[in-house]
Amino acid sequence: MYIRTNLRPILIWRLSRNSLLFFFSYNVLICFLYGPLNVHALDIPWQPVATLGTAVAFYIGFKNNGSYDRFWEGRQLWGSIVNTSRVWTLRVFDFVQFSDGYPNGAPVQELHRRLVYRQIAWCNALRLHLRRQTAERWDAEVAPFLLDPDDSAARFAANPPTHLLRHQSKELLDLHRTGLLSEFRQVAMMQTVQDLFNFQGGCERIKNTPFPRQYAYFSFVFVWLFALLLPLGLVEEFDSRLPLGQYHVWLMVPFSVLVSWVFNTIELVGHISENPFDNTMNDVPMTSICRSIEIDLRELLAETNLPPKVEPVDDMLY
């Protein structure tokens with residue numbers, strides 16, 4: 001997620017340089033053919049081009065609204081994951097109590113730590129699953145939080161976070177059978193597990209359902225069609241103005257390039273916002289959110305050796 005208030009000019013240039021160079025070259029070519037070579041057959045009425053521009057503006061606005069909705073829903077889901085992770089930790093502390101089988105607090109404290117650490121592991125596993133990075137990053141970012149050896153097998157599952165929540169559920173059942181968790185409290189904690197499943201399912205729905213290609217594809221086609229027709233409609237408009245004589249037509253180039261760049265940039269913004277879990281500059285900063293969850297939960301465990309917050313890299317928070 002880009003966090004700087006204003007985009008740096010170098011970033012804007014990197015995102016739009018190819019299209020700008022094409023628009024400039026194309027518009028210069030049209031001006032050269034129309035002016036010095038007198039190929040006036042290129043001229044078309046301005047009114048149809050203006051009408052097309054209006055239609056394209058409405059179309060890409062509709063597409064961008066859909067793209068932003070996908071991003072915002074993804075961010076809301078991860079905000080809910082943050083809050084539910086805290087609720088899970090507090091319920092672990094308050095609901096999992098001592099029994100005759102545990103005469104002192106040490107075993108229960110280890111149990112608390114295992115349940116909380118598995119929740120941290122689940123958050124990281126979900127992040128890697130959504131970014132398709134499980135194979136290369138599991139050992140460094142998930143395995144350190146798996147205190148139960150049986151949890152390690154989740155790495156090889158098709159959906160690792162689902163298996164980690166299954167292990168949480170199984171341990172709650174075992175705790176109920178051993179008397180460490182009453183039936184009412186088991187049901188309450190299972191409701192938290194269910195909430196986590198719902199958030200995971202929401203993220204997977206966004207990830208596995210691409211933005212409708214008919215909207216994305218035709219948005220791109222219509223913007224470029226408008227950009228190609230724009231200089232043909234403007235060239236005669238500028239040629240008919242007399243203050244600069246025969247050179248006035250060349251003013252069409254900067255104005256046409258500017259309008260084409262604006263339309264193309266609007267379309268590009270919608271395009272790069274379609275998938276909020278791709279680990280790019282406009283996506284949900286899941287790495288930072290997972291680190292915040294880890295810090296919060298480990299502080300609740302009274303740990304002091306905590307990792308630092310994730311810092312932005314080149315104004316981007318991952």
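Predicted, not measured: the structure shown is a model, and the values here were computed from it.
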- Note on the structure: When rounded to the nearest 0.5 Å, the distance separating OG1 of T134 from CG of L128 is 5.0 Å
- Task: State the CD-CZ distance between E303 and R298, to the nearest 0.5 angstrom.
- Result: 4.5 Å
- Give a yes or no on whether F32 and V257 share a hydrophobic cluster (residues Ile, Leu, Val, Met, Phe, Trp, Tyr; joining criterion: side-chain heavy atoms under 4.5 Å apart). yes
- Query: Can you find a heavy atom in the side chain of K63 that is under 4.5 Å from one in the side chain of F211?
  - Reply: yes
- Task: Answer yes if the side chains of T192 and R91 hold a donor-acceptor pair under 3.5 Å, and no otherwise.
- Result: yes
- Task: Evaluate ring-ring contact (aromatic ring centres under 6.0 Å, His included) for F23 paired with W224, printing each intermediate quantity in order.
- Result: CA-CA 10 Å; F23 294 146; W224 278 85; 5.0 Å; yes
- Taking C-beta and beyond as the side chain, do N124 and F145 meet within less than 4.5 Å on heavy atoms? yes
- Dump the intermediate steps for salt bridge (Lys or Arg N to Asp or Glu O under 4.0 Å) on D139 and R155, then the final yes or no. CA-CA 9 Å; D139 289 339; R155 172 183 181 177; 2.7 Å; yes
- Query: Who pairs with R131 by salt bridge (Lys or Arg N to Asp or Glu O under 4.0 Å), at least two apart in sequence or on another chain?
  - Reply: none
- Note on the structure: CD1 of I81 to SG of C290, rounded to nearest 0.5 Å, is 8.0 Å
- Which residues, ordered by chain and number, are linked to I295 in its hydrophobic cluster, where ILVMFWY side chains connect at heavy-atom gaps below 4.5 Å, directly or through other members? L306
- Donor-acceptor pair, side chain of K207 and main chain of L130, under 3.5 angstrom: yes
- Task: Mark yes or no for whether R75, through its side chain, and R70, through its backbone, hold a donor-acceptor pair below 3.5 Å.
- Result: no
- Note on the structure: Distance col, row Y68:OH vs W72:CH2, nearest 0.5 angstrom, shows 5.5 Å
- Message: Could you check whether F93 and H112 have their ring centres less than 6.0 Å apart?
- Response: yes
- Query: More than 12 foreign heavy atoms under 6.0 Å from CZ of F24: is that the case here?
  - Reply: no
- Task: Decide yes or no for E294 and P307: does some side-chain heavy atom of the first lie under 4.5 Å from some side-chain heavy atom of the second?
- Result: yes
- State, yes or no, whether a side-chain contact exists between I206 and F277 at a heavy-atom distance under 4.5 Å. yes
- Message: By the definition side-chain contact (heavy atoms from CB on, under 4.5 Å), identify the one residue from D283, I272, V284 that meets it with D278.
- Response: D283
- Message: Quick check for you: to the nearest 0.5 Å, what is the distance between E136 atom CD and E141 atom CD?
- Response: 9.5 Å
- Should F226 and V259 count as side-chain neighbours, where that means a heavy-atom distance under 4.5 Å? yes
- Item | Side chains of N83 and V87 in contact at under 4.5 Å (non-hydrogen atoms) | no
- Which distance, rounded to the nearest 0.5 Å, do you find between the CZ of F95 and the OG of S182? 8.0 Å
- Query: Any side-chain donor-acceptor pair under 3.5 Å between N264 and S19?
  - Reply: yes
- Y26 side-chain N/O to L228 backbone N/O, donor-acceptor pair under 3.5 Å: yes
- Task: Go through the steps for I30 and V253 under the test side-chain contact (heavy atoms from CB on, under 4.5 Å), then give the verdict.
- Result: CA-CA 9 Å; I30 296 298; V253 174; over 6 Å; no
- Query: Counting N and O atoms only, with roles assigned by atom type, does the side chain of W88 sit under 3.5 Å from a partner on the main chain of L115, one being a donor and the other an acceptor?
  - Reply: yes
- Task: Answer yes or no: is there a side-chain heavy-atom contact under 4.5 Å between T84 and F199?
- Result: yes
- Message: Count I, L, V, M, F, W, Y as connected when their side-chain heavy atoms are under 4.5 Å apart, and connections chain through other members. Are L268 and F58 then in the same cluster?
- Response: no
- Message: Keeping H176 on the side-chain end and Q186 on the backbone end, is there a donor-acceptor pair under 3.5 Å?
- Response: no
- Message: For E311, is there an ion pair with R291 - N to carboxylate O distance below 4.0 angstrom?
- Response: no
- Task: Start with the C-alpha gap between W122 and F197, add the side-chain angles, then the distance that decides, and say whether ring-ring contact (aromatic ring centres under 6.0 Å, His included) holds.
- Result: CA-CA 11 Å; W122 176 83; F197 267 123; 8.2 Å; no
- Message: Assigning hydrophobic clusters by single linkage (Ile, Leu, Val, Met, Phe, Trp, Tyr; side-chain heavy-atom cutoff under 4.5 Å), is V269 placed with V221?
- Response: no
- Message: For a quick check under 3.5 Å, do N27 and S256 share a side-chain donor-acceptor pair by atom type?
- Response: yes
- Query: Do we see a donor-acceptor contact under 3.5 Å between the side chains of Q119 and S85?
  - Reply: yes
Let me have the donor-acceptor pairs involving side chains of residues 156-165, under 3.5 Å, with sequence neighbours excluded, atom names and distances please.
unit_1 : atom_1 : unit_2 : atom_2 : d
N159   : OD1    : T162   : N      : 3.4
N159   : OD1    : T162   : OG1    : 3.0
N159   : OD1    : Q200   : NE2    : 3.1
N159   : ND2    : E204   : OE2    : 2.8
T162   : OG1    : Q200   : NE2    : 2.9

- Does D148 reach the main-chain N or O of R114 with its side chain, forming a donor-acceptor pair under 3.5 Å? no
- Message: Classify the ring geometry of Y59 against F222: parallel below 30°, tilted from 30° to 60°, perpendicular beyond 60°.
- Response: perpendicular
